[in-house]
Q: 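Take this structure, written in structure tokens, and hold onto it; I'll ask about it next.
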Number of protein chains: 2
Amino acid sequence: MDLQKFIEVNGTLVQIKKGELVFAQGELCDYVYLVKTGLLKAFYLTENGKETIKSFIQSGTIIGSLNAAHCQIPSTFSLEALEGCILIQVPFRALLALSKESISISQELIQILLSLSLKKERREFELLTLSATQRFENLCSAEPDLVKKLTQNDIAKYLGITPVALSRIKHK
Amino acid sequence: MDLQKFIEVNGTLVQIKKGELVFAQGELCDYVYLVKTGLLKAFYLTENGKETIKSFIQSGTIIGSLNAAHCQIPSTFSLEALEGCILIQVPFRALLALSKESISISQELIQILLSLSLKKERREFELLTLSATQRFENLCSAEPDLVKKLTQNDIAKYLGITPVALSRIKHK
DNA sequence: GGTGTGCATTAACCTATGTTAAAACTGACA
DNA sequence: TGTCAGTTTTAACATAGGTTAATGCACACC
């Protein structure tokens with residue numbers, strides 16, 4: 001049995017309306033979610049109230065505050081639905097426990113973590129070496145359909161700039 | 001047997017002199033390294049020849065271009081010794097193979113990947129939400145002894161700014 | 001059709017950081 | 001001791017992006 005199947009069989013269905021939070025920064029969150037349908041954003045709020053977006057999560061993805069769940073610490077980010085979403089929720093510890101018993105699940109978990117680390121590496125690289133303009137162009141060519149669905153506000157927060165700056169960039 | 005032990009027993013010793021590369025960006029690199037002694041930097045070179053530092057690697061750490069090794073693609077970064085280093089090298093596929101046979105190794109690999117993702121998450125957060133000044137202060141308080149060993153050039157490249165900008169920040 | 005709310009654009013001004021280049025400093029070594 | 005290479009500092013100027021605020025636009029709702 002694969003991981004996705006396991007979650008579907010053993011998890012519980014959760015419906016989230018547009019604008020609602022799945023979990024909030026500062027909360028403990030022991031669950032991992034499989035996104036069946038919908039679109040979400042994972043974002044940070046800094047002390048001075050500024051929001052920056054960590055990532056957008058599309059259907060088919062497994063998402064959760066893995067570190068929070070694993071270390072039993074409060075999540076560093078919030079997860080919000082940008083559209084109505086259907087998720088399947090399963091405790092992270094159930095996954096870990098399962099992985100202790102099944103090599104194939106362990107292997108799959110390793111695959112997921114490796115591909116997660118690949119994604120983060122790309123993002124780190126872009127933040128470190130590219131200008132906002134280049135990051136925007138990259139995003140547009142890598143995820144054209146996603147970009148269409150987002151507000152410029154959210155795109156800007158993802159790029160690490162203000163909506164005003166993004167508007168300027170687009171204008172050129 | 002734990003992972004570190006496995007590497008020590010099955011790996012081969014590699015000595016790297018200061019300034020030499022362990023592997024270079026663009027190369028295939030199937031190995032994972034355990035740092036016995038020394039200090040290294042992992043860095044990107046952009047097309048226009050600019051260097052940015054992804055991370056510093058201190059002794060006791062396991063390092064490698066995991067994604068490159070796993071996906072059999074060229075490494076996106078280079079690894080260079082900042083001091084004379086002693087490393088132990090082992091093929092990544094040997095680790096993966098081992099993890100397929102041993103649950104405990106799988107679990108350890110999962111732990112390593114989780115803590116790696118935690119580190120990257122922190123860095124992403126800092127790049128996304130903090131100013132260069134704040135990032136510098138964070139680094140100084142989190143890794144005071146590491147900072148002492150580095151040149152300002154390398155610190156700047158790690159923070160994502162120029163040495164000139166770092167000098168200005170320090171001056172204040 | 002009118003009104004309100006949220007989003008996008010534009011403009012004016014400000015600040016952080018980049019760029020280039022020169023000068024000062026440091027340590028290695030003949 | 002003098003010289004050289006590498007590193008750090010300083011200065012002057014250029015640019016990207018932030019901040020604030022005003023305006024424009026679009027859609028929902030009365």
Side-chain angles (χ1 to χ4, degrees), chain A residues 17-21 39 41 43-53 56 80-84 123-140 144 146-172, chain B residues 17-21 39 41 43-53 56 80-84 123-140 144 146-172:
Chain A
K17 292 197 200 102
K18 178 175 171 172
E20 285 182 351
L21 294 185
L39 178 64
K41 66 174 173 183
F43 64 97
Y44 301 112
L45 279 179
T46 63
E47 313 95 39
N48 44 47
K50 224 179 65 180
E51 176 186 329
T52 49
I53 295 180
F56 298 106
E80 177 184 328
L82 294 178
E83 320 172 335
R123 181 124 162 93
E124 182 191 86
F125 175 80
E126 296 197 344
L127 288 171
L128 212 44
T129 67
L130 303 183
S131 69
T133 306
Q134 290 171 305
R135 273 177 272 150
F136 178 58
E137 284 165 359
N138 275 195
L139 180 66
C140 287
L146 174 61
V147 170
K148 275 176 220 147
K149 286 197 253 179
L150 301 172
T151 65
Q152 260 177 244
N153 235 304
D154 280 341
I155 298 175
K157 284 176 205 152
Y158 177 75
L159 296 175
I161 59 178
T162 59
V164 178
L166 179 54
S167 176
R168 272 192 293 239
I169 288 172
K170 278 180 77 175
H171 184 65
K172 287 187 303 192
Chain B
K17 290 196 202 109
K18 178 174 172 170
E20 286 182 350
L21 295 185
L39 177 64
K41 67 174 173 184
F43 64 97
Y44 302 112
L45 279 179
T46 62
E47 314 94 40
N48 44 46
K50 221 178 68 178
E51 174 187 331
T52 51
I53 296 181
F56 298 106
E80 177 183 329
L82 295 179
E83 320 172 336
R123 182 126 162 90
E124 182 192 86
F125 175 81
E126 295 197 344
L127 288 171
L128 212 42
T129 69
L130 303 183
S131 69
T133 305
Q134 290 172 305
R135 272 177 273 150
F136 177 56
E137 285 165 0
N138 274 194
L139 181 66
C140 287
L146 173 61
V147 170
K148 273 175 222 149
K149 285 197 254 180
L150 301 172
T151 65
Q152 258 176 244
N153 235 304
D154 279 341
I155 298 175
K157 284 178 206 150
Y158 177 75
L159 296 176
I161 58 179
T162 59
V164 178
L166 179 55
S167 176
R168 272 193 291 241
I169 287 173
K170 278 180 76 176
H171 184 65
K172 287 188 302 193

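Lettering follows sequence order; numbering is per chain, from 1.
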Q: Measure CG/B:Leu127 against C1'/C:dA16 and give the value in whole Å, please.
A: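 That distance rounds to 16 Å.
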Q: Calculate the interatomic distance between A:Glu51 atom CD and C:dG6 atom C1'; express it in whole Å.
A: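 To the nearest whole Å, that distance equals 15 Å.
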Q: In whole angstrom, give the distance that lies between atom NZ of A:Lys148 and atom P of C:dA8.
A: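 Spelled out: NZ on A:Lys148 to P on C:dA8 is 17 Å.
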Q: Rounded to the nearest 0.5 Å, how far does CG of B:Leu139 lie from CG of B:Leu146?
A: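 Result: 6.5 Å between the selected atoms.
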Q: Does the B:Ser167 side chain pair with the main chain of B:Pro163, one donor and one acceptor, at a distance under 3.5 Å?
A: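 A pair under 3.5 Å: no.
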Q: What are the two closest heavy atoms between B:Gln134 and B:Ser131, and how far apart are they?
A: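 Where B:Gln134 meets B:Ser131 most closely, the heavy atoms are OE1-N, 2.9 Å.
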Q: Do we get B:Arg123 above B:Tyr158's six-membered ring, with its NZ or CZ under 6.0 Å from the centre and within 45° of the axis?
A: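 Yes, B:Arg123 and B:Tyr158 form such a contact.
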Q: Find the distance between CG (B:Leu127) and CD (A:Glu124) and round it off to the nearest 0.5 Å.
A: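 Taking CG in B:Leu127 and CD in A:Glu124, the distance rounds to 7.0 Å.
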Q: Enumerate the residues from residues 159-172 of chain A whose closest heavy atom to DNA chain D is under 4.0 Å, giving them by residue number; use none for an empty result.
A: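 Per residue number, the list reads A:Gly160, A:Ile161, A:Thr162, A:Val164, A:Ala165, A:Arg168.
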Q: Tell me, with the steps shown, if A:Thr151 and A:Asn153 meet side chain to side chain donor-acceptor pair (under 3.5 Å).
A: CA-CA 5 Å; A:Thr151 65; A:Asn153 235 304; 5.4 Å; no
Q: Return the value, rounded to whole Å, for the distance between atom NZ of A:Lys149 and atom P of C:dC7.
A: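 It works out to 18 Å between those atoms.
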Q: Could you list the residues that satisfy side-chain contact (heavy atoms from CB on, under 4.5 Å) with A:Leu45, not counting sequence neighbours?
A: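 In terms of side-chain contact (heavy atoms from CB on, under 4.5 Å), with neighbours along the sequence ignored, A:Leu45 is linked to A:Gln25, A:Phe43, A:Glu51.
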Q: Please find the earliest and latest nucleotides of DNA chain D, in the 5' to 3' direction, that have an atom within less than 4.0 Å of any heavy atom of chain B.
A: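 On DNA chain D, the outermost contacted nucleotides are D:dT8 to D:dA12.
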Q: Rounded off to whole Å, could you give me the CD-to-P distance for the B:Gln134 and C:dT17 pair?
A: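 For the pair B:Gln134 CD and C:dT17 P, the rounded distance is 10 Å.
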Q: In this structure, how many angstroms lie between the P atom of C:dG6 and the CD atom of A:Gln152, rounded?
A: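 In whole Å, C:dG6 P lies 18 Å from A:Gln152 CD.
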Q: C:dA16 P sits how many Å from B:Phe136 CZ, rounded?
A: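 Rounded to the whole Å, the gap is 16 Å.
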Q: Would you check if B:Lys170 and B:Gln152 make a side-chain contact, meaning some heavy-atom pair closer than 4.5 Å?
A: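 With C-beta onward as the side chain, the pair touches.
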